[in-house]
2 protein chains.
Amino acid sequence: MDEQEKKILLVEDDPNFGTVLKDYLMMNDYAVVHAKNGMEGFEKFKKDDYDLCILDVMMPYKDGFTLAKEIREKNADVPIVFLTAKAMKEDVLKGYKVGADDYLNKPFDSEVLLMKIKAIMARKATDTVADSKQFEFKIGNFDLNSKLRFLTYKGGDQTKLSPKENELLRLLALHENDLMPRELALTKIWRDDNYFTSRSMDVYIAKLRKYLKVDDKVEILNIHGEGFRLVVNAD
Amino acid sequence: MDEQEKKILLVEDDPNFGTVLKDYLMMNDYAVVHAKNGMEGFEKFKKDDYDLCILDVMMPYKDGFTLAKEIREKNADVPIVFLTAKAMKEDVLKGYKVGADDYLNKPFDSEVLLMKIKAIMARKATDTVADSKQFEFKIGNFDLNSKLRFLTYKGGDQTKLSPKENELLRLLALHENDLMPRELALTKIWRDDNYFTSRSMDVYIAKLRKYLKVDDKVEILNIHGEGFRLVVNAD
DNA sequence: GTAGCATTTAACCTTACATTAACAAAATGC
DNA sequence: GCATTTTGTTAATGTAAGGTTAAATGCTAC
């Protein structure tokens with residue numbers, strides 16, 4: 001889990017206002033996806049996970065409330081903020097009914113919006129304890145704790161692993177005794193496959209080999225032109 | 001949780017308005033305690049646990065913000081809604097900084113307030129750890145009393161902790177031996193995540209490390225780019 | 001007011017991490 | 001064998017994160 005930007009889905013049909021708002025949010029380190037109408041908004045929502053949705057209420061074809069309802073059916077938790085030109089009481093009530101987290105009347109102050117977003121995100125910051133992805137591995141005499149990024153030898157010595165070391169070893173462990181294609185690591189961990197990332201990966205393979213050296217049952221073999229293989233030999 | 005009435009602390013100095021609002025909320029099945037000024041509000045807050053605080057901003061002697069800050073020192077989680085006559089941008093920002101959950105301008109529609117309250121309560125309900133009301137921890141040879149904010153070493157030496165020290169150590173203890181994400185502390189305790197709050201947090205980590213130093217089984221480890229880990233080693 | 005705290009800000013330092021570069025050594029294919 | 005590609009190794013460099021310290025600020029209480 002690295003320093004990820006928070007992802008915001010912004011659904012706003014006014015192209016000028018939408019673009020300005022998007023830029024402003026991006027300047028404040030949010031990753032923003034801008035949909036130009038309700039339909040598009042729902043498509044984009046289904047395709048990805050968002051930390052927050054900002055919906056304009058007044059939109060052609062599919063208004064913000066309808067969209068909010070659809071979003072709620074898919075995901076009961078994602079915070080929703082409505083933008084609205086008029087401050088009609090009925091609208092506000094309707095908004096809270098579909099589970100709005102907040103409400104903003106246009107024109108609104110951008111700093112206020114920012115604070116609201118921060119407040120909502122902070123609320124959300126639950127201690128989501130580790131999704132049950134696999135984070136612990138036994139590798140010969142080693143135990144790899146991939147969440148806390150350390151490698152224990154025979155229950156004793158702990159080696160801290162850097163994020164890349166950790167990811168790489170985890171990927172190898174997931175393919176224990178089997179081929180872990182070079183390309184897999186490069187695309188999954190380095191997100192790019194070129195001469196330099198490849199060289200970088202080799203550097204990390206070397207580091208891992210150094211850590212694993214203390215147990216002579218464990219080794220990382222190269223399969224020329226294919227990838228690597230984490231082998232655990234019997235005693 | 002059982003079918004308990006939710007308890008609301010209402011702090012409002014205008015006796016007429018306060019009484020009307022209190023009655024209205026009670027009619028809607030909330031248990032309401034009405035304090036007539038900031039001082040009284042804080043006294044009442046300390047005496048009981050509330051699910052929500054509604055604070056008037058403009059009050060003699062102790063305004064709503066000051067009160068909110070005091071409340072926050074005691075309890076970082078309780079939702080706070082401000083009532084204010086004027087909609088000054090600075091005020092709104094100030095409100096969110098002290099951790100407001102919402103903001104209402106007087107005169108406001110009572111139904112809107114009700115919806116907001118419902119929305120906030122619903123949010124709280126889904127907040128998984130909101131109920132982790134644990135205030136006493138054993139950390140190696142230390143005992144942390146997080147309510148009274150002190151740290152005892154081997155039943156003897158007591159160190160008083162400042163509010164921030166206390167919250168931070170508590171958060172670490174809640175995740176003992178596990179990762180306590182940096183971001184979690186920053187959003188929960190500092191309510192903001194930027195370069196300076198991050199540096200501030202480091203200062204507090206240093207303070208805690210100094211306190212904990214006397215017990216060499218206990219340490220706070222950093223996990224680069226992720227957060228911290230309070231480790232208690234076996235003897 | 002000012003004394004005494006808690007907290008933030010600021011500057012600065014250290015460490016951790018990832019990449020790059022240059023080169024050596026294997027492996028492969030002809 | 002020798003040319004080419006792939007892998008291995010080491011060191012340097014750059015940057016980001018974390019750590020430390022002291023001063024500045026803000027608050028409360030006297």
Side-chain angles (χ1 to χ4, degrees), chain A residues 1-5 29 149-150 159-169 179-183 185-186 189-213 219-229, chain B residues 38-39 42 61-63 65-74 76 94 97-99 149-150 159-169 172 179-183 185-186 189-213 219-229:
Chain A
M1 204 218 333
D2 45 356
E3 252 304 356
Q4 201 90 17
E5 281 183 320
D29 296 321
R149 296 210 317 251
F150 63 68
T159 313
K160 291 209 286 182
L161 299 180
S162 85
K164 286 261 151 75
E165 291 167 353
N166 175 55
E167 284 292 298
L168 186 55
L169 185 53
L179 171 67
M180 194 284 289
R182 199 182 185 90
E183 200 209 341
L186 289 174
I189 304 177
W190 276 265
R191 288 156 193 294
D192 192 11
D193 182 350
N194 61 44
Y195 175 77
F196 286 116
T197 53
S198 204
R199 220 88 323 281
S200 192
M201 170 167 170
D202 288 334
V203 171
Y204 279 92
I205 289 287
K207 291 182 187 194
L208 292 181
R209 281 181 172 143
K210 200 179 287 175
Y211 296 148
L212 298 175
K213 204 164 48 190
E219 49 185 337
I220 297 175
L221 301 182
N222 173 256
I223 300 173
H224 198 90
E226 301 286 339
F228 295 90
R229 194 157 84 92
Chain B
M39 233 70 82
F42 191 51
Y61 310 125
K62 186 184 283 185
D63 69 61
F65 296 132
T66 311
L67 176 56
K69 243 186 256 170
E70 294 176 355
I71 287 177
R72 276 274 168 268
E73 279 186 16
K74 288 264 158 215
K94 200 171 166 191
K97 267 234 168 78
V98 291
R149 297 210 317 256
F150 61 66
T159 313
K160 291 204 290 181
L161 299 181
S162 82
K164 286 259 151 74
E165 290 168 351
N166 175 54
E167 281 295 302
L168 185 55
L169 186 53
L172 284 164
L179 171 68
M180 194 283 288
R182 205 183 177 87
E183 200 210 346
L186 290 174
I189 304 178
W190 276 266
R191 290 169 188 286
D192 195 7
D193 182 349
N194 61 45
Y195 175 78
F196 287 115
T197 53
S198 204
R199 221 91 319 284
S200 191
M201 170 168 171
D202 287 337
V203 171
Y204 279 91
I205 289 286
K207 291 181 187 197
L208 291 181
R209 280 182 172 143
K210 202 177 286 174
Y211 296 149
L212 298 175
K213 204 164 47 189
E219 50 185 338
I220 297 175
L221 301 183
N222 173 255
I223 301 176
H224 198 93
E226 303 283 343
F228 293 91
R229 192 157 84 94

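Any value given below was found using the heavy atoms of this structure, including those in side chains, with hydrogens, waters and symmetry copies removed.
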Begin with the C-alpha distance, continue with both residues' side-chain angles, and end with the deciding distance and a verdict on side chain to side chain contact (heavy atoms under 4.5 Å, CB included) for B/L161 and B/Y211.
CA-CA 10 Å; B/L161 299 181; B/Y211 296 149; 3.6 Å; yes

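For D/dG26, the OP1/OP2 oxygens have no side-chain nitrogen or oxygen of B/K69 closer than 4.0 Å. For A/W190 and C/dT19, the shortest distance from a side-chain N or O to OP1 or OP2 is below 4.0 Å. Note on B/K207: every side-chain N or O is 4.0 Å or more away from OP1 and OP2 of C/dA6. For C/dT19, the OP1/OP2 oxygens have a side-chain nitrogen or oxygen of A/S200 closer than 4.0 Å.
Counting heavy atoms from C-beta outward, B/L172 and B/L208 have side chains that approach closer than 4.5 Å.
Atom CZ in B/F228 sits roughly 13 Å away from atom P in D/dA17 (whole-Å rounding). Nucleotide D/dG26 holds its P atom 14 Å from the NZ atom of B/K164, rounded to whole Å. Remark: P of C/dA26 and CG of A/N222 are 13 Å apart, rounded to the nearest angstrom. Rounded to whole Å, the distance from CZ on A/F150 to P on C/dC17 is 15 Å. Remark: P of C/dA18 and CG of A/D202 are 15 Å apart, rounded to the nearest angstrom. Whole-Å rounding puts the B/L67 CG to D/dC27 P distance at 15 Å. One atom, CE of B/M39, and another, C1' of D/dT28, lie 12 Å apart when rounded to the nearest Å. Distance B/F196 CZ to D/dG18 P: 16 Å, rounded to the nearest Å.
Nearer the 5' end of DNA chain D, as judged by each residue's closest nucleotide, is the contact made by A/G227, out of A/G227 and B/R199. A residue-by-residue look at A/R149 and A/H224 shows that A/R149 has its nearest nucleotide of DNA chain C further toward the 5' end. Between B/E70 and B/V203, the one whose closest nucleotide on DNA chain D sits nearer the 5' end is B/V203.
Within 4.0 Å (heavy atoms only), B/Y195 reaches at least one base atom of the nucleic acid. Across all strands shown, A/S162 has heavy atoms under 4.0 Å from sugar-phosphate atoms exclusively, and none from any base. Using a 4.0 Å heavy-atom criterion, one finds that A/R209 contacts the sugar-phosphate atoms exclusively. Contact annotation for B/K62: no contact, since no heavy-atom pair falls under 4.0 Å across all strands.
With sequence neighbours excluded, no residue forms a salt bridge (Lys or Arg N to Asp or Glu O under 4.0 Å) with B/R149.
Using a distance-only test at 3.5 Å, with no hydrogens or angles considered, a donor-acceptor pair links the side chain of B/R209 to the main chain of B/I220. Panel note: side chain A/T197, backbone A/D192; a donor-acceptor pair is recorded below 3.5 Å.
Closest to the side chain of A/Y204, out of D/dT9, C/dA18, C/dT8, is C/dA18.
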